[in-house]
Amino acid sequence: MAERILLGVAWPYANGSLHIGQLVGAYLPADIFARYHRAAGNDVLMVSGSDVHGTPITVRAEQEGRSPEDVASEYHDEFLDCWQKMGISFDCYTSTGTENHARVTQDIFLKLLETGDIFTQTMELPYCTVEGRFLLDRYVEGTCPLCGSDGARGDQCDNCGRALDPFDLKDPKCKFDFSTPEPRESEHFFLRLSAYNEAVKTWLSEDKDHWRKNVRNFALGLTEQGLQDRSITRDLVWGVPIPVEGFDTKRIYVWFDAVIGYLSAAIEWAEKEGTPERWREWWQDPEAKSYYFIGKDNIWFHALIWPVQLMGYSKATGETYNLPYDVPANQFLTIKGSKASTSKRLAVWVPDFLTRYDPDPLRYYLATIMPETADADFTWAGFVQRNNDELVATWGNLVNRVLTFTHKNFDKSVPEPGDLSEGDRALISRVEEALEEAGREIAACNFRSALEAGMSAAREANRYVEDNAPWKLLKEDRERCATVLYTAIAAISGLKTALYPFLPFTCQKLHGYLGNEGPVQAGGWRLVMPAAGRPLAEPEPLFKKLDPEIAEEEEARLGV
RNA sequence: GGCAGGGUAGCUCAGUGGUUAGAGCAGGGGCUUCAUAAGCCCUGUGUCGCGGGUUCGAAUCCCGCCCCUGCCA
């Protein structure tokens, strides 16, 4: 029976290009997961969008003398281009700047306001008298009261790492004009997280064995300490407006509305499909499962706060909104052992990568090092090595050797097999098992392990070809040779599906070489036996071998 | 400082009490020639971060410490 699967993927800030850390942390695993489930016949809805309201965007816009809309739309367009070129197959990729998103956000805001889960409170905040506006905590700088370091920010000190309040700082200054900010009162809205502490704790304690232990323990630990109410509005004019009179100079803060994007995007998708109520199938059917693909820095919002928002909204509306079924947060990717850093140019940007390389090899390499349990390290040497020694040598060569040999010697079509031997059937079962294992592992969000299952079967297929040596059989026993090639093609057909979530572009190409039409996923998550006599297209190598020297060139480009 | 995760072969990682700690890749030796000099076979003693402890027996459990990463609203 088809399952309904909702995938929420982290909303990137539209204030800079995508780098491979974001790709490996959220978008790639989500896409692998989505492609597998679609092929397995499940109903997948994969949504995300650009967060156009982040404060970094207004800062950047101010610095560059542009409007925030302008900055956001530049990167939003670039993201769309990246998804397409990297094969990240969203069903709906939108932004937090839509009318629909504002409407859904404001509805949730007002419903929670009615039930008292959102309430107002007066805060004392830093106010810059020169600019005549309130400053975000991080825009106040001064000396850390704890370690004495200069250049501590009002939210935390980078030197000692401790969280701070702006008025803790000695000699606080406005980051922009170095004036001394004064404390002023401002009324803000708060989310009553404390009221849901027990409910969230209970929820996190039940049926969470499939969660990654760091995610579950981390979230559970915070409920042990007790959730505290948190302000959800800011003194800003760039954001979703507060639907209450008298708050014109304030906006809903991004962390409150960005997660709501998962719901608003599903609603937008349903409207565009011409089935405006269908989003409910993923959000309100208790059988539907929702997965949130994010980085570890985002566990707070997805495992604690978003569930509270959903619980509150469910209570307020009397309708039930599904809580996250899983939050498979990834750890981080380092570049040559160091933290990625924009200012040090220590990052690999996706648009730049795509000007020189193909998407599948990057997807492959990133999947083999995916930071599922610990931080992982990207190196260009590793990329070249995995591409050449595994993708090209093991999988690409298997396909190429079998298809070119068949094409040359068997009339450019799938050979007519004789009876399959025990060994032939063993290979086919081996591939079927690999397919099943890969599916199981992907469904459990163990992506590295799923890929290894496929590659391991590809090595087995190479062994089969070696053992049966069709190049010898060609002269001695043509029928047996045909049977061996047929079996090898069947194995390749199965592996094409097993590897498709990881390598969608080249597997689709291979699908065509095997004489098929339509998308790979249409064949289902199973080994489709090739039809004898079907014409084979002229095969070309699926992957390019890379010159090891490019590793040095690229690493020099990193500026380390 | 508190909380969480991680620290296993050159590299990427499996391995939650029990035979001589495993896999892929790299390295070394051999075979093969259909294939992008690709493939196949053989080859793995590494202080399982460090120090204690529990146990007949620990990478695996307990205590302390060190290092890396994230979060601290």
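So that the names make sense, note that chain A is the first sequence line, chain B the second, and so on, each numbered from 1. All values below come from the heavy atoms of this structure, side chains included, with hydrogens, waters and symmetry mates left out.
The distance between the ring centers of Trp380(A) and Tyr357(A) falls below 6.0 angstrom. Taking the six-membered ring wherever Trp is involved, the centroid distance between the rings of Tyr262(A) and His302(A) falls below 6.0 Å. Aromatic ring centroids of Trp306(A) and Trp203(A) lie 6.0 Å or more apart. For Phe189(A) and Phe247(A), the distance between ring centers is under 6.0 angstrom.
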Problem - Annotated protein contacts, base or backbone, on nucleotides 25-33 of chain B with a non-hydrogen cut-off under 4.0 Å, one of B, S, - each - result: SS------S

Exercise for the section: Indicate for each nucleotide in nucleotides 59-64 of chain B, in 5' to 3' sequence, whether protein heavy atoms under 4.0 Å reach the base (B), only the sugar-phosphate (S), or nothing (-). Expected result: ------

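Taking the salt bridge (charged side-chain N to carboxylate O under 4.0 Å, His left out) definition, one finds that Asp209(A) meets it with Arg216(A), sequence neighbours left out. Every residue meeting the side chain to side chain donor-acceptor pair (under 3.5 Å) condition with Asn446(A), not counting sequence neighbours, appears here in chain and number order: Glu441(A). Qualifying salt bridge (charged side-chain N to carboxylate O under 4.0 Å, His left out) partners for Asp137(A), counting only residues two or more places apart in sequence or in other chains: none.
Residue Lys545(A) places none of its side-chain N or O atoms closer than 4.0 Å to OP1 or OP2 of A37(B). Between G5(B) and Asn217(A), a contact under 4.0 Å exists linking OP1 or OP2 to a side-chain N or O. Look at Thr404(A) and you won't find any side-chain N or O under 4.0 angstrom from OP1 or OP2 of U36(B). Checking the phosphate oxygens (OP1, OP2) of A14(B), a side-chain nitrogen or oxygen of Arg448(A) falls inside 4.0 Å.
Pro541(A) comes within contact range of at least one nucleobase, with a heavy-atom separation under 4.0 Å. Among the atoms of the strands shown, base atoms are found under 4.0 Å from some heavy atom of Asn397(A). Residue-level contact check: Leu398(A) touches neither bases nor backbone, having no heavy atom under 4.0 Å from any strand. Contact annotation for Phe405(A): backbone-only contact, meaning every heavy-atom pair under 4.0 Å involves sugar-phosphate atoms and none involves a base. Residue contacts shown for Gly226(A) include a base, since a base heavy atom lies under 4.0 Å away. Leu485(A) comes within 4.0 angstrom of no nucleic acid atom, judged by non-hydrogen atoms across all strands.
Stacking of Arg386(A) on the aromatic ring of Tyr365(A) is not recorded, the 6.0 Å distance cut-off and the 45° axial limit not both being met.
The shortest side-chain heavy-atom distance between Leu403(A) and Leu514(A) falls under the 4.5 Å cut-off.
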Problem - Stepwise ring-ring contact (aromatic ring centres under 6.0 Å, His included) check, Phe353(A) with Phe383(A) - result: CA-CA 12 Å; Phe353(A) 178 94; Phe383(A) 169 67; 5.5 Å; yes

Taking N or O atoms only and anything under 3.5 Å, show me the protein contacts with nucleotides 46-48 of chain B, one pair per line.
none

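At a threshold of 4.0 Å, the pair Arg463(A)-Glu460(A) counts as salt-bridged, since one of the basic side-chain nitrogens sits closer than that to a carboxylate oxygen.
A donor-acceptor pair is defined here as one N or O able to donate and one able to accept, closer than 3.5 Å; no such pair exists between the side chain of Asn400(A) and the backbone of Gly396(A).
Annotation: of the two residues near RNA chain B, Lys296(A) and Arg401(A), the 5′-most nearest-nucleotide partner is Arg401(A). Nearest-nucleotide positions on RNA chain B place Glu540(A) closer to the 5' end than the other of Arg463(A) and Glu540(A).
Taking the side chain of Val465(A) as heavy atoms from C-beta on, and the options G39(B), C72(B), C34(B), the nearest nucleotide is C34(B). Each of C34(B), G6(B), U12(B) was ranked by its minimum atom distance to the side chain of Ile369(A); first place goes to U12(B). The side chain of Gln225(A) lies closest to C3(B), out of G6(B), A35(B), C3(B).
Following rounding to the nearest Å, Leu451(A) (CG) and A23(B) (C1') show an atom-to-atom distance of 14 Å. Rounded to whole Å, the distance from OH on Tyr513(A) to P on A35(B) is 17 Å. The distance from atom CD of Glu437(A) to atom C1' of A14(B) is 12 Å, rounded to the nearest whole Å.
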